[in-house]
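Only a predicted model underlies this, so the values are computations on that prediction, with no experimental measurement involved.
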Amino acid sequence: MKKWTPYLLVSPYILHFLVFVAFPVVFSIVLTFHSWNIISPMKYVGLANYEHVFNDRLFWQAVWNTIRFLILHIPLQIVVALALAELLNRTIRGAAFFRAAFFLPVIVSGVVVTILWQQMLSFNSGVLNRMLVALSLPRVSWLDDPEVAMYSIAIMATWKNVGLYIILFLVGLQSVPMQYYEAADLEGATNWQKFRYITLPMINPTIFTVVVLSTIGGFSLFVEPYIMTGGGPMNKTLSAVMYIYRQAFQYYHMGYSATLGFCFALIILFVVIIQRRYVEQEI
C-alpha cells in the first residue's frame with residue numbers, strides 16, 4: 001500500500017492535467033483537420049483549414065493590428081511603469097497609498113474598466129472631449145477614427161496593467177545594492193549616469209520579464225476592442241483573438257477557429273523566442 005501512496009497523492013493533479021490540459025490540446029490539434037459546426041458530425045478536410053489561414057487576409061490584418069498594439073503598448077508600459085516605480089522607490093509621504101492606488105486597476109474587472117474608458121472617450125459626452133471643448137479645441141474621435149482608435153486602446157490597456165509592472169520594477173530597484181550608488185556619488189556621477197550605468201543593467205532581468213509578460217498579455221488582446229470598438233472602425237482594432245472568437249462562436253467554424261488558434265500560438269512562440277535571443281541581450 002505504501003508504494004501506491006505517492007501516486008494517490010499526485011492523482012488529483014494528474015487527473016486535472018489530463019482533463020483540462022492534455023485532452024483540450026490534443027482535441028484542438030485533431031480539430032484543425034476537420035470541419036465542425038458543433039451540431040453536425042465532424043468532417044475530415046485534411047489541410048484545407050491551414051490553406052485557408054494563409055489566404056485569409058482578415059486574419060493577417062488582425063495579427064498586424066495586434067502587433068501594432070504591442071508596438072504602441074510595450075514601450076509605453078515600460079516607460080510609465082519604470083518612471084512611477086522610480087518615484088515610489090524614494091522616501092515620500094503616502095508611498096504605501098500610491099502603491100495601492102496604482103495597483104487597484106489591476107484587480108478591477110477588465111470589463112468594468114473598459115466600459116469606464118469607453119464612456120470617457122465618447123465623442124459627444126466623453127470627459128476628454130468635454131475638456132477639449134472647454135478649452136475651445138475640436139473634439140477628437142477617440143474610438144471612431146481608424147488612425148486614433150488603436151492609440152486609445154493602448155493607453156487604456158497601459159492604465160489598466162501598469163500597477164502590476166510597477167510592483168515588479170519596485171522589487172528590481174530595491175534589489176540594487178546601495179554601495180554602487182554611493183561609489184558613483186564619490187566619482188561625481190549625475191543622476192542620469194547612475195540610472196543608465198547602474199540601475200538599468202542591474203534590473204535587466206526585470207525589464208525582460210516585463211517585456212515578455214506585456215507581449216503575452218498584448219497578444220491576448222480581446223476585451224478592450226470587443227467592448228470599446230467592436231473591432232472597428234474598418235477592422236483597424238480587430239485583434240487576432242477577437243477574430244478567432246468570431247470564427248468559433250459567431251460563425252461556428254470550430255475547426256477553422258482551432259487552426260487559427262494553433263497558428264497564432266506559433267506566432268506568439270516565435271516572437272517570444274526572438275525576444276529571448278535578442279531583446280534580453282540588448283537591454
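For the residue pair P177 and M202, the shortest heavy atom distance occurs at CD-CE, 3.8 Å. Between K194 and A189 the shortest heavy-atom distance is CG-CB, 4.0 Å. Nearest approach of R196 to P201, heavy atoms of both residues: O-CD, 3.4 Å. When every heavy atom of A154 is checked against every heavy atom of L72, the shortest pair comes out as CB-CB, 4.0 Å. Shown here for P105 and A101, the closest heavy-atom pair between the two residues is CD-O, 3.4 Å.
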task: Assess whether side-chain contact (heavy atoms from CB on, under 4.5 Å) is satisfied between V113 and V223, documenting all intermediate values.
output: CA-CA 10 Å; V113 172; V223 174; over 6 Å; no
- prompt: Between L213 and Y165, is a side-chain contact (heavy atoms from CB on, under 4.5 Å) present by the stated rule, with each step listed?
  reply: CA-CA 9 Å; L213 292 178; Y165 302 115; 3.8 Å; yes
message: Before you tell me yes or no, could you show the steps for E224 and L221 under side-chain contact (heavy atoms from CB on, under 4.5 Å), namely the whole-Å CA-CA distance, both residues' side-chain angles and the distance that decides it to 0.1 Å?
response: CA-CA 7 Å; E224 293 84 353; L221 179 70; 3.3 Å; yes
task: Apply side chain to side chain donor-acceptor pair (under 3.5 Å) to S239 and T66, showing your working.
output: CA-CA 5 Å; S239 67; T66 305; 5.0 Å; no
- request: Output, in order, the C-alpha distance, side-chain angles, deciding distance and verdict of side-chain contact (heavy atoms from CB on, under 4.5 Å) for N129 and N124.
  value: CA-CA 7 Å; N129 277 337; N124 294 316; over 6 Å; no
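No side-chain donor-acceptor contact under 3.5 Å links S257 and Y252.
Looking at heavy atoms from C-beta onward, Y7 lies out of side-chain contact with I14 at the 4.5 angstrom threshold. When side chains are defined from C-beta on, I198 counts as touching V176, because their heavy atoms get closer than 4.5 Å. With a 4.5 Å cut-off on side-chain heavy atoms, V112 and L116 do not count as touching. Q118 is not listed as a side-chain neighbour of W142, based on a closest heavy-atom distance of 4.5 Å or more. You'll find the side chain of I78 reaches within 4.5 Å of the side chain of V211, heavy atoms only. Looking only at side-chain heavy atoms (C-beta outward), W64 and Q61 stay at 4.5 Å or farther from each other.
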Extract all donor-acceptor atom pairs below 3.5 Å that involve side chains of residues 21-39 and protein atoms in other chains or at least two apart in sequence.
from: S28; atom 1: OG; to: P24; atom 2: O; distance (Å): 2.7
from: T32; atom 1: OG1; to: I29; atom 2: O; distance (Å): 2.5
from: T32; atom 1: OG1; to: Y50; atom 2: OH; distance (Å): 3.0
from: H34; atom 1: ND1; to: V30; atom 2: O; distance (Å): 2.8
from: W36; atom 1: NE1; to: S40; atom 2: O; distance (Å): 2.9
from: N37; atom 1: OD1; to: I39; atom 2: N; distance (Å): 3.2
from: N37; atom 1: OD1; to: S40; atom 2: N; distance (Å): 2.8

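Remark: P146 engages P233, M234, K236 in a side chain to side chain contact (heavy atoms under 4.5 Å, CB included) (not counting sequence neighbours). With sequence neighbours excluded, no residue forms a salt bridge (Lys or Arg N to Asp or Glu O under 4.0 Å) with K160. Taking H52 as the reference, D56, Y256 meet the side chain to side chain contact (heavy atoms under 4.5 Å, CB included) condition, with sequence neighbours excluded.
Listed for the T237 side chain is no donor-acceptor partner under 3.5 Å among the backbone atoms of A149. Looking only at distances, no side-chain donor or acceptor of Q247 sits under 3.5 Å from a matching main-chain atom of I244. Looking at N65, its side chain does come within 3.5 Å of a backbone N or O of L238 through a donor-acceptor pair. Under a 3.5 Å cut-off, the side chain of S214 and the backbone N or O of I74 do not form any donor-acceptor pair.
Expressed to the nearest 0.5 Å, how far CD1 of I153 lies from OG1 of T114 amounts to 9.0 Å. Between the CG atom in L200 and the OG1 atom in T206 there is a gap of 11.0 Å [rounded to 0.5 Å]. To the nearest 0.5 Å, atom CZ of residue R57 and atom CG of residue N55 are 9.0 Å apart. The NE2 atom of H73 sits 15.0 Å away from the CD1 atom of I67 when rounded to the nearest 0.5 Å. Once rounded to the nearest 0.5 Å, the distance linking OG1 of T259 with CG of N49 reads 4.0 Å. To the nearest 0.5 angstrom, Q77 atom CD is 12.0 Å from I155 atom CD1.
Under a hydrophobic-cluster definition in which Ile, Leu, Val, Met, Phe, Trp and Tyr are linked whenever side-chain heavy atoms come within less than 4.5 Å, directly or via other members, F208 and V79 are assigned to different clusters. In this structure, V241 is not a member of the same hydrophobic cluster as L269, with clusters built from ILVMFWY side-chain heavy atoms closer than 4.5 Å. In the hydrophobic clustering of this structure, Y197 does not group with I203; members are Ile, Leu, Val, Met, Phe, Trp, Tyr whose side-chain heavy atoms approach within less than 4.5 Å, directly or through other members. Tracing side-chain contacts under 4.5 Å through hydrophobic residues (I, L, V, M, F, W, Y), one reaches L58 starting from F54; they form part of the same cluster. In terms of hydrophobic clustering, with Ile, Leu, Val, Met, Phe, Trp and Tyr side chains grouped at heavy-atom distances under 4.5 Å, V53 and F262 are assigned to different clusters.
Within a 6.0 Å radius of CD in E187, no more than 12 heavy atoms belonging to other residues, nucleotides or ligands are found. When the shell of 6.0 Å around OH of Y151 is examined, it contains 12 or fewer heavy atoms from other residues, nucleotides or ligands.
Within the structure, ring-ring contact (aromatic ring centres under 6.0 Å, His included) contacts touching residues 214-241 (residues at least two apart or in different chains) are F219-F264, F222-Y226, F222-Y245, Y226-Y245. Residue pairs meeting the ring-ring contact (aromatic ring centres under 6.0 Å, His included) criterion with at least one partner in residues 102-134, sequence neighbours excluded, are W117-W159.
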